[in-house]
Every structure is written in C-alpha cells, then in structure tokens.
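Since the structure is predicted, the reported quantities are computational estimates derived from the model, not experimental observations.
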Amino acid sequence: FCKALSHEELAQDPRFKSNADRVQNRTELLKAIEKPLVKKTREEWLDIFDKLNIPCGPVYDIKEALSHPHVESRSMIAETEHPKAGMIKLLGIPVKLTETPGHIQGPPPLLGEHTAEIFRQFGEEPPLY
C-alpha cells in the first residue's frame, strides 16, 4: 500500500509500526495517506491496487450505490404511493425467498398514524392530544 502511494517510508515509520501505533497516531497517518490519495481518481487507485494485488473495492456514494446494476437486478428499490408525498422510492426486501417472497406492504406511516391502534392492542386508551 505504501509503495502504491509512492510513500514507502511510511512502512518504516515507527509511529505506524503496529496497529496500536497506527491507532494512537491516527491523525498523522490519515494526513499522510490522504495527501497522495486525492491526486488520483477512485478508478485509478482501484487499478493501481489491483495490479499490486492489494484487496480493494470501490466506496460508492448513495446515488451510485442505489443505481448499481446489482441493486437493480435484485429489485432493491421499490416504489409505493404515499398519502402526502405521492409516489416514493423505498429500499426493497433484501431476503429473496422463492416460497414466501417479501413485499412492501405500504408507505412509511404518518406521524402518529397508528398510535391509537397500538394503545388499544395493549388494552389502553390512546392519549388525547
């Protein structure tokens, strides 16, 4: 990793010798690592790390993660009608069972929408606000 960053001296720096040392000197280590990392794109670093057999993977922002082909192929984004917001997108059901597939039962509840029902389930009268 230090070779990939063109900072091989970091591997010999006593402040970063053990994991405990790296934790104790985290601020300095992050500064040393971030400085070269910002000079290349994510894709450039993935290519460099791959060529050096450094296990790695991309870190996606929310938009990238939710539009990833794997997320789409697993139907992880579902749409449902919300009484106030109209059509909204929700995260889908992650467990895909053939015999008992999960499904979105409805939109997120409105504030206090089920309060009376829950109180009555426990034999109580809902508070009057």
Chemist: With rounding to the nearest 0.5 Å, note down the distance linking CZ in Phe119 to NE2 in His114.
Modeler: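 Separation between the atoms: 14.5 Å.
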Chemist: Measure across Cys2 and Leu10 and return the closest heavy-atom pair with its distance rounded to 0.1 Å.
Modeler: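 Here Cys2 and Leu10 meet closest at SG-CB, 3.7 Å.
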Chemist: For His68, give me all partners under side-chain hydrogen bond (donor to acceptor under 3.5 Å, both in side chains), at least two apart in sequence or on another chain.
Modeler: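 His68: no side-chain hydrogen bond (donor to acceptor under 3.5 Å, both in side chains) contacts found.
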Chemist: What distance separates Ile33 CD1 from Phe1 CZ, expressed to the nearest 0.5 Å?
Modeler: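 CZ of Phe1 is found 4.5 Å from CD1 of Ile33.
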Chemist: In terms of hydrophobic clusters joined by side-chain contacts under 4.5 Å, are Leu52 and Leu5 together?
Modeler: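 Yes, it is one cluster - the side chains of Leu52 and Leu5 are joined through contacts under 4.5 Å.
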Chemist: With a 6.0 Å cut-off (strictly less than), is the heavy-atom count around CD of Glu79, excluding the residue itself, greater than 12?
Modeler: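 Enclosed.
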Chemist: Please report the interatomic distance CG(Asp13) to CZ(Arg22), rounded to the nearest 0.5 Å.
Modeler: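 The distance works out to 11.0 Å.
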Chemist: Which atom names give the shortest non-hydrogen contact between Arg42 and Val59, and what distance separates them?
Modeler: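 Looks like NH1-O, 2.9 Å.
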Chemist: Looking at side-chain heavy atoms only, is the closest gap between Met76 and Pro94 below 4.5 Å?
Modeler: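 Answer yes - side chains close enough.
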Chemist: Is there side-chain contact between Glu125 and Arg120, with heavy atoms separated by less than 4.5 Å?
Modeler: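 They are in contact (side-chain heavy atoms under 4.5 Å apart), so the answer is yes.
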Chemist: Nearest heavy-atom pair of Lys96 and Ser75: which atoms, and what distance?
Modeler: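 Between these two residues, the closest heavy atoms are NZ-O, 3.6 Å.
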Chemist: What's the spacing between Lys35 NZ and Leu30 CG if we round to 0.5 Å?
Modeler: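 So the NZ of Lys35 and the CG of Leu30 are separated by 14.5 Å.
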Chemist: Looking at Arg26, I want to see if its CZ is surrounded by more than 12 non-hydrogen atoms of other residues, nucleotides or ligands under 6.0 Å.
Modeler: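 Atom CZ in Arg26 is not packed in, count stays at 12 or less.
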Chemist: Between the main-chain N or O of Thr41 and the side-chain N or O of Glu44, is there a donor-acceptor pair closer than 3.5 Å?
Modeler: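 Indeed, once roles are kept as given, a pair shorter than 3.5 Å links the two residues.
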Chemist: Assigning hydrophobic clusters by single linkage (Ile, Leu, Val, Met, Phe, Trp, Tyr; side-chain heavy-atom cutoff under 4.5 Å), is Ile62 placed with Leu91?
Modeler: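 Result: yes, single cluster for both.
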Chemist: Carefully, step by step, assess His82 and Leu110 under the rule side-chain contact (heavy atoms from CB on, under 4.5 Å).
Modeler: CA-CA 9 Å; His82 189 275; Leu110 299 172; 3.5 Å; yes
Chemist: Looking at every non-hydrogen atom in both residues, tell me the closest pair between Ala78 and Ile104 and how far apart they are.
Modeler: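 Looking at all heavy atoms of both residues, the closest pair is CB-CG1, 3.7 Å.
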Chemist: Do Leu46 and Cys56 have side chains that get closer than 4.5 Å, going by heavy atoms?
Modeler: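 Answer yes - side chains close enough.
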Chemist: Any side-chain to backbone donor/acceptor pair from Lys63 onto Tyr60? Under 3.5 Å, distance only.
Modeler: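 It does not hold such a pair.
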Chemist: Could you state the interatomic distance from CD1 (Ile93) to CD (Gln105), rounded to the nearest 0.5 Å?
Modeler: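 Output value for this atom pair is 8.0 Å.
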Chemist: If you measure from CG on Leu66 to CD on Glu72, what distance do you get to the nearest 0.5 Å?
Modeler: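 It is 9.5 Å, given to the nearest 0.5 Å.
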Chemist: Between Pro36 and Ser6, is there a side-chain heavy-atom distance shorter than 4.5 Å?
Modeler: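 When only atoms from C-beta onward are counted, Pro36 and Ser6 do not touch, as no gap falls below 4.5 Å.
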Chemist: If we ignore hydrogens and angles and just use 3.5 Å, is the side chain of Asp21 paired with the main-chain N or O of Ser18 as donor and acceptor?
Modeler: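 Yes.
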Chemist: For the side chain of Glu64 and the backbone of Asp61, is there at least one donor-acceptor N/O pair under 3.5 Å apart?
Modeler: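 Flag set: sc Glu64 to bb Asp61 pair under 3.5 Å.
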Chemist: Find out whether Pro107 and Glu81 are in side-chain contact, i.e. whether some heavy atom of one side chain is under 4.5 Å from a heavy atom of the other.
Modeler: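 In short, these two side chains do not touch, never coming nearer than 4.5 Å.
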